[in-house]
Amino acid sequence: MSSYDDIDAFGAVPLSARAMAARPAPYLDGLNDAQRAAVEQLDGPVLMLAGAGTGKTRALTARIVHLLATGKARPNEILAVTFTNKAAREMKNRVGSMLGEAVEGMPWLGTFHAICVKLLRRHAELVGLKSNFTILDTDDQIRLLKQLVLANNIDEKRWPARMIASLIDGWKNRALVPEKVPVADASAFNHRGTEIYAQYQARLKELNATDFGDLLLHMVTIFQTHPDVLEQYQRWFRYILVDEYQDTNVAQYMWLRLLAGGHKNICCVGDDDQSIYGWRGAEVGNILRFEKDFPGAHVVRLEQNYRSTPHILAAASGVIRGNQGRLGKELWTEAERGEKVRLIGHWDGEEEARWIGEEIESMQKGTRGMRPYGLDEMAILVRASHQMRAFEDRFLTIGLPYKVIGGPRFYERLEIRDAMAYFRLVVSPEDDLAFERIVNTPKRGLGDKAQQKLQVKARENGVSLVDGARLALQDGDVTGKGGGELRFLVESLDRWGRMAGDKDIPHTELAEIILDESGYTAMWQNEKTPEAPGRLENLKELVKALENFDNLQGFLEHVALIMDNDQAEDGAKVSIMTLHAAKGLEFPAVFLPGWEDGLFPSHRSMDESGIKGLEEERRLAYVGITRAEEVCTISFAGNRRVFGQWQSALPSRFIDELPEEHVEVLTPPGLYGGGYGSAAPRPSAGMSERVAAADGYNSPGWKRLQSRAGQRGLSQPSESRNTVIDLDAVSAFTTGERVFHQKFGYGEIIAIEGDKLEISFEKAGIKKVVARFVTAADDIPF
DNA sequence: ATCGAGCTGTTTTTT
DNA sequence: ACAGCTCGAT
C-alpha cells in the first residue's frame with residue numbers, strides 16, 4: 001500500500017493567530033488595484049498577466065500570505081510551482097519575511113521537478129521503479145543512449161545520441177510515452193527514434209533511474225492511470241500557484257490541469273510576451289488558452305511598471321507590437337521620461353566591444369548629463385554566448401572588472417561529475433553509469449576491451465558492473481596491470497562503502513579520502529594544463545559544499561535537482577550574460593549589442609521555426625529592453641567574425657521597429673576611423689530621414705554596407721521585412737556565379753537547393769556546401 | 001591502451 | 001576559431 005495518507009506529516013504548522021491579528025493584513029499595504037485584485041481573488045481559476053517589472057513576485061507572495069492569513073489553506077495545502085530553484089528560494093524567503101518569524105517552510109513550494117521527485121518517491125512502484133530511484137543528468141542520458149545506438153547497429157553519424165536525446169526530450173515534454181508517439185512523428189524518423197525511446201525507457205527502469213523529463217512524465221502517467229492517487233492530491237492541494245506559466249510545456253500543463261481538477265483554485269502568473277523557451281518545449285499556447293482551459297477564469301492584468309522609464313517602455317512596446325496573437329497588455333509608468341533608448345552602429349564587433357567598454361567607463365564617472373553608474377548597475381545582454389568573447393577580451397585588456405553570469409554550472413563541470421560518480425558508487429554500488437564513468441578515470445589501464453569483459457560478465461549474471469568486475473577478476477578475465485588496478489578499485493569501493501556506514505567518520509573526510517585514494521586528485525595534480533589548478537579548486541569547493549549536508553546520500557539527492565551556480569559576489573563588476581539568463585533581472589543601465597539580422601533575430605531560429613521563431617526572437621528583444629531601468633543602449637555592427645570568417649550583416653529588423661520618437665541615435669566619437677563607426681539603421685524603414693541623416697548614414701561604412709547588400713538583392717528593407725527567411729544567404733546567389741569557399745577555393749555554382757549550394761570547384765570538384773560558407777568570388781569580405 | 005593529428009558542427013538552457 | 005571527437009600511429 002502506498003503511503004500518501006501521511007501527506008500532512010509534512011510541515012503542518014498552523015499559523016499563529018496572533019501574528020496575523022496584530023496588524024490587519026499589512027501585506028496588502030502599498031499594492032496597486034490590480035495587484036490587490038490578484039491577491040484577493042482567491043477562489044476559482046485566476047490568470048495573472050504580469051508584464052515586466054509590474055511587481056508580480058510581490059503579488060504572488062502576498063497572495064500566499066493572504067491564503068494563510070484568511071485560513072483558506074494551511075502552508076502544506078498550497079502547491080506553489082516555479083521553474084528554477086532560485087525563484088523557489090526567493091518566494092520562500094519573501095513569504096517568510098512577510099509572515100515574520102513563525103512559518104516552517106511550505107513543503108510544496110518548489111520547482112516542478114523537485115515537487116515531482118517528492119511525489120514520485122511515494123508512488124514509484126506504480127511506474128515500475130523503486131522509491132530510491134536515481135536521477136540521471138544529461139551526461140548519463142547521452143552515454144546511455146550511445147550504448148543503445150551502438151547495440152542496435154545504428155549509424156552513429158546519422159543518428160547521434162545527442163539528437164536522439166533531444167527527440168526523446170521533446171516527446172517527454174509533450175507527455176508522450178513511447179507507445180503514444182504519433183505515427184507521423186515516428187515515421188519521420190523511420191520509427192528508429194521510437195524504438196530507441198522504448199529501449200531507453202526499459203533500460204532506465206532496469207537501472208532504477210529516471211531522467212529529468214521522466215519526473216513529470218511518470219507523474220502524469222500515474223495521475224492518469226490511478227484516479228485514486230490523483231484524487232488524494234486534488235483534495236489535498238486546495239490552492240495551486242504557478243509562476244512563469246508561459247514557460248510550461250505540455251507535460252507540465254497536463255500535470256497542473258490534473259491536479260487543479262478538484263478545487264479548481266489555480267492561479268497562474270505569467271507574461272505571454274516573455275515566453276522565450278519555446279525551443280525547449282514551452283508552449284505559449286498554454287497561457288493564451290487559459291480562459292478556455294479554465295472556464296470562469298478571472299484575468300487580472302498587472303500593467304503598472306515600477307522598473308523602467310517611459311521611453312524604455314515605449315520602445316519595448318513598439319517592438320512587441322509586431323507579434324500576432326498576444327493577450328494584449330500595455331505597460332505604463334509614473335516615472336520621469338528619462339533618457340531615450342540609445343542606438344549606435346559600429347564597423348565591426350571589436351569596435352562595438354571597444355565602444356561599450358569606453359562608454360561604461362564614462363558612465364561610471366557620469367556622462368552625457370546622466371548620473372554616474374556603478375559597475376554592478378550595468379549589464380551587457382547578448383543573444384548568443386559567443387558574443388561574450390569580444391567583451392571579455394576587451395575588458396581584460398583595459399582592466400574593466402566583469403563577471404559572466406550563467407555558462408557552465410558548477411555541477412556540470414567534468415571534475416565535479418567525476419567526483420560525484422565516485423560518491424554515487426560508494427552510496428549505491430549498483431549505479432552502473434557512475435561505474436562506467438570512473439572505471440578508467442584516472443587511467444587504470446582498463447580500455448574498451450577490458451570494460452567489455454566486465455559488461456559481459458555483469459550481463460550474463462544479471463548483476464551490477466561492480467559485481468561483474470568481481471566475477472571477472474575471480475575468473476581471471478582481466479589480468480596484468482589493469483587487473484591489479486581493477487582489484488584495488490573494487491576493494492577500495494568496498495572499503496569506502498563500509499566507512500560510509502561508520503558514524504565516526506565525517507562524510508566530508510570520507511569524500512577527501514575517496515578522492516585521494518582513488519588517485520583522482522593526483523590525476524589533476526600531475527596534469528600541467530592551465531585549467532588543472534582550477535579543477536582542483538573546484539574539488540575543494542565540492543567537499544566544502546558537503547558540509548551543509550548530513551551525509552553523502554543526502555548531498556547527492558539534492559544535487560541531482562539543484563544545478564545552481566551561486567558564484568560568490570566580490571566587488572562591483574559589469575555583468576555579461578545572455579538574454580535568456582537575464583529574464584527576471586533588472587539593471588539601471590543595459591547594453592544590448594549585436595542587433596543584426598541573422599544574429600538577432602537569429603537566422604537559425606527563423607529557419608527552424610519560421611514566423612513562430614521570429615516572434616520568439618522578438619519577445620527576446622522585448623525581454624532585453626525591459627531589463628533596463630534608466631538607460632538602454634542598443635548597438636549593431638556591420639561586420640562580425642563568425643566561425644572564423646568575416647561576415648557582414650544588416651542592422652536588425654527589430655531596430656526598425658523601435659519607435660523613432662523614443663530613440664536617440666548616438667554617433668561614436670571620431671577616434672576610430674572617422675565616420676566608419678556611424679553606420680545607421682536602414683534609412684527608409686522605421687527611422688525618419690531626419691534622424692537617419694543626422695547621424696550620417698552617408699558615411700562610408702553605411703554606404704558600403706548598403707552597396708554590398710545591394711549586390712545580394714537584400715537591401716530593400718520593405719521587402720525584407722515581409723518574408724521570414726529572406727535574409728538567408730540563399731537569395732544571395734545565382735547559378736553560374738563564381739564563388740569562393742574557405743576550404744575548397746574558387747568554383748562556380750551549378751545548382752541551388754534551399755540553403756545548400758552545389759558548386760563545381762576548380763580544385764576540389766563538385767561539392768554541396770552550406771550557402772553561408774561561400775562568398776562571391778569578386779567580393780571577398782573586407 | 002593511450003596519445004596526438006585531422007574532421008565536424010557549431011543559439012538560447014533548467015531541471 | 002574552436003572544441004570535441006574519431007581514427008591511426010606508438
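So that the names make sense, note that chain A is the first sequence line, chain B the second, and so on, each numbered from 1. The structure displayed is predicted, hence computed values, not measured ones.
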Asn440(A) side chain N/O closer than 4.0 Å to the phosphate oxygens (OP1, OP2) of dT2(B)? yes
Spacing of Asp169(A) atom CG relative to dT13(B) atom P, expressed in whole Å: 16 Å
Pick base, sugar-phosphate or nothing for Thr84(A), based on heavy-atom distances below 4.0 Å to the nucleic acid. sugar-phosphate
Without decimals, in angstroms, what is the distance between Arg383(A) CZ and dT11(B) C1'? 5 Å
Measure CZ/Arg604(A) against P/dT12(B) and give the value in whole Å, please. 10 Å
Among dT12(B), dA1(C), dT15(B), find the nucleotide with the atom closest to the side chain of Phe643(A). dA1(C)
Quick one: label Asp448(A) by what it contacts on the DNA or RNA (base, sugar-phosphate, nothing), any heavy atom closer than 4.0 Å. sugar-phosphate
Counting side-chain heavy atoms from C-beta on, which of dT11(B), dT15(B), dT13(B) comes nearest to Thr138(A)? dT15(B)
Glu412(A) CD - dT15(B) P separation (whole Å): 10 Å
Using the side-chain heavy atoms of Ser602(A), tell me which of these nucleotides is nearest: dT12(B), dT13(B), dT11(B). dT11(B)
State which of dT2(B), dA1(C), dT15(B) makes the closest approach to the side chain of Lys443(A). dT2(B)
Is Trp279(A) stacked on the base of dT12(B) when the test is centres under 5.5 angstrom and planes under 30 degrees? yes
Any Lys/Arg nitrogen of Asp211(A) or Lys172(A) sitting under 4.0 Å from an Asp/Glu carboxylate oxygen of the other? yes
Ignoring hydrogens and geometry, is there a side-chain-to-backbone donor-acceptor pair from Arg653(A) to Pro601(A) under 3.5 Å? no
Can you check the Ile276(A) CD1 to dT12(B) P distance for me, whole Å? 13 Å
Would you kindly give the NZ-to-C1' distance between Lys449(A) and dT2(B), to the nearest whole Å? 14 Å
cation_pi(Arg280(A), Tyr277(A)) dist<6.0 Å, angle<=45: yes
CG of Leu579(A) versus P of dT13(B): gap in Å, rounded? 9 Å
How would you label the contact of Asp211(A) with the nucleic acid (heavy atoms, under 4.0 Å): base, sugar-phosphate, or nothing? nothing
Upstream residue (5' side of DNA chain B) when Arg280(A) and Ala450(A) are each assigned their closest nucleotide: Ala450(A)
Does dT14(B) have OP1 or OP2 sitting under 4.0 Å from an N or O in the side chain of Asn85(A)? no
Identify whether the distance between the nearest side-chain nitrogen and carboxylate oxygen of Arg394(A) and Glu350(A) falls below 4.0 Å. no
Between Gly447(A) and Met577(A), which has a closest nucleotide on DNA chain B that is more 5'? Gly447(A)
Are Glu244(A) and Lys583(A) ion-paired here, with the side-chain N under 4.0 Å from a carboxylate O? yes
Report yes if at least one side-chain N or O of Thr578(A) is closer than 4.0 Å to OP1 or OP2 of dT13(B); otherwise report no. yes
How long is the line joining CE of Met163(A) and P of dG9(B), in whole Å? 12 Å
side-chain contact (heavy atoms from CB on, under 4.5 Å) between Leu145(A) and Tyr200(A), intermediate numbers included: CA-CA 7 Å; Leu145(A) 280 167; Tyr200(A) 171 72; 3.8 Å; yes
